[in-house]
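First comes the structure, then the notes that go with it.
Numbering of ligands and ligand atoms starts at 1, following listing order.
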Amino acid sequence: MSSTELAKPTKAQLKWQDLEMGMFCHFGINTFCDQEWGDGTDSPSKFNPTSLDARQWIRTAKQAGFKYFILTAKHHDGFCLWPTQTTDYSVKSSPWKDGKGDVVGECAKACEEEGMPFGLYLSPWDRHEPCYSDKEAYDDFYAEQLTELLTGYGPLVEVWFDGAGSEGREYDWPRIIGLVKKYQPEAMIFNMGAPTIRWVGNEDGVAPYPCWNTATEARTSMFTENMLTWLPETPRWVPAECDVPIRRRQWFWHPNSEDKLLSLDELKDIYYRSVGHGTNLLLNLAPDNRGLIPESDVKRVTEFGDWIRNTFYNPIKEISGEGYELEIKLSSPQRIDHVILMEDIAHGERVRDYVLEIKNDDKWLEVVHGSAIGHKKIDRIKPVATDQIRLRILAAAAKPLIRKFALIASK
Ligand code: FUL
């Protein structure tokens with residue numbers, strides 16, 4: 001294959017892939033009802049966070065090293081976190097701030113203050129809206145909601161379209177995608193319509209290996225096994241995002257569920273199998289009924305961020321280069337326990353098969369045999385003292401361009 005035939009990312013996709021880690025935030029009427037999926041009948045009077053502070057959410061994300069933030073503006077229950085003109089089923093009808101509050105606005109402002117890219121989730125499935133059963137009327141309703149969000153809250157990094165509950169339902173995707181392209185051309189489109197990024201296909205936060213950046217289809221819902229084919233407008237380059245809640249199987253906050261909090265070891269495993277497999281990780285933290293991310297979750301995610309920084313941010317040596325063989329020589333033997341590889345994916349994903357070898361007693365010894373590198377591959381190796389390590393690419397679609405070949409020494 002010549003390099004011109006390789007699928008390539010757009011500039012916006014490249015930028016998004018470099019973000020690597022996003023914080024997802026599920027908050028809404030469910031937060032006050034100890035439930036995951038409201039049926040759209042809960043009274044807005046229940047929505048009353050006592051000390052909501054969006055800055056605490058964003059600062060938590062920032063401190064833990066997350067590079068973008070996505071809020072559920074409306075979940076399947078239909079309750080809107082912004083004072084929309086489209087329905088009364090929103091913060092406007094709640095006691096919070098006497099109906100004058102706007103959670104989406106507070107998040108947008110806090111993100112702007114902290115330099116955090118902001119994204120929004122707007123559930124297509126709406127269990128409250130009476131016109132939902134009328135396809136055309138609901139398409140208008142949804143387009144209006146989306147327009148409010150796309151035009152009222154500054155630049156958006158991603159628009160999250162959740163397929164849950166919409167199995168078998170067709171929305172007016174050309175119109176929906178047209179709105180995103182018109183008002184937020186840089187925003188990534190998650191998994192529906194004409195996606196620019198795809199769902200990894202599970203809610204465990206893990207990608208298979210290899211997880212190529214090119215695809216022609218992906219799952220759209222937890223609740224159907226069907227692989228739906230993309231619309232023709234979707235480019236072949238469609239990187240994956242891994243979403244997972246920090247409390248096992250709970251996207252929204254529930255009282256007394258600290259026992260569901262993932263352990264640091266579980267989060268490490270998720271990191272290795274998402275970012276370490278070249279995909280983005282979208283980790284959900286749910287604010288509680290005070291409107292604050294609980295202290296236990298803040299503590300855990302901060303530990304996670306510290307571990308990432310301490311483990312990966314200070315390689316003992318890092319090079320880049322072109323071609324099928326790249327070697328690193330160290331001035332003295334070191335115990336290497338991780339190797340970080342990145343391709344320069346602006347020119348496509350080229351590597352198909354590679355090995356990592358270390359020099360041991362004058363002989364090259366294979367320690368890793370992999371296929372994809374793509375945006376990033378993190379390899380763990382049993383710590384062995386060596387002063388020479390090389391990357392040999394055994395097969396590639398075009399000349400390999402290695403953006404990073406970095407060695408981490410065991411601590
Ligand atoms: C799923 C939804 O049904 C969950 O409630 C959650 O929003 C998750 C991110 O996507 O499909």
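- The distance from ligand 1 to the heavy atoms of Glu203 drops below 4.0 Å at these ligand atoms: 1 (C), 8 (C), 10 (O), 11 (O).
- Contacts between Glu36 and ligand 1 below 4.0 angstrom, taking non-hydrogen atoms only, are absent altogether.
- Neither side chain, His75 nor Ser123, offers a donor N or O lying under 3.5 Å from an acceptor on the other.
- Nearest heavy-atom pair across Gly78 and Asp126 is CA-OD1, 3.5 Å.
- Among the candidates Gln63, Arg59, Lys109, the single residue satisfying the side-chain hydrogen bond (donor to acceptor under 3.5 Å, both in side chains) test with Glu114 is Arg59.
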Could you walk me through whether Leu267 and Arg300 satisfy the side chain to side chain contact (heavy atoms under 4.5 Å, CB included) test, starting with their C-alpha distance in whole Å, then the side-chain angles of each, then the deciding distance to 0.1 Å, before giving a yes or no?
CA-CA 9 Å; Leu267 290 173; Arg300 182 56 41 81; 3.8 Å; yes
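- For ligand 1, the atoms sitting less than 4.0 Å from at least one non-hydrogen atom of Phe24 are 9 (C), numbered in the order shown with element in parentheses.
- The ring of Phe27 has its center closer than 6.0 angstrom to the ring center of Phe47.
- In this structure, the side chains of Leu150 and Val159 come closer than 4.5 Å at one or more pairs of heavy atoms.
- Residue contacts with ligand 1 for Asp243 involve side-chain atoms from C-beta outward but no N, CA, C or O (heavy atoms, distance under 4.0 Å).
- Looking at His76, Arg249, His26, Met222, it is His26 that brings a heavy atom closest to atom 7 (O) of ligand 1.
- A heavy-atom distance below 4.5 Å is not found between the side chains of Asp379 and His338.
- Protein heavy atom in closest approach to atom 11 (O) of ligand 1: Asp162 OD1, 3.0 Å.
- Atoms of ligand 1 lying under 4.0 Å from at least one heavy atom of Ala164, given by number and element, are 3 (O), 11 (O).
- Judged by the shortest distance from any of its heavy atoms, Trp37 lies inside the 4.0 Å radius around the atoms of ligand 1.
- Heavy-atom proximity to His75, at under 4.0 Å, picks out these atoms of ligand 1: 4 (C), 5 (O), 6 (C), 7 (O).
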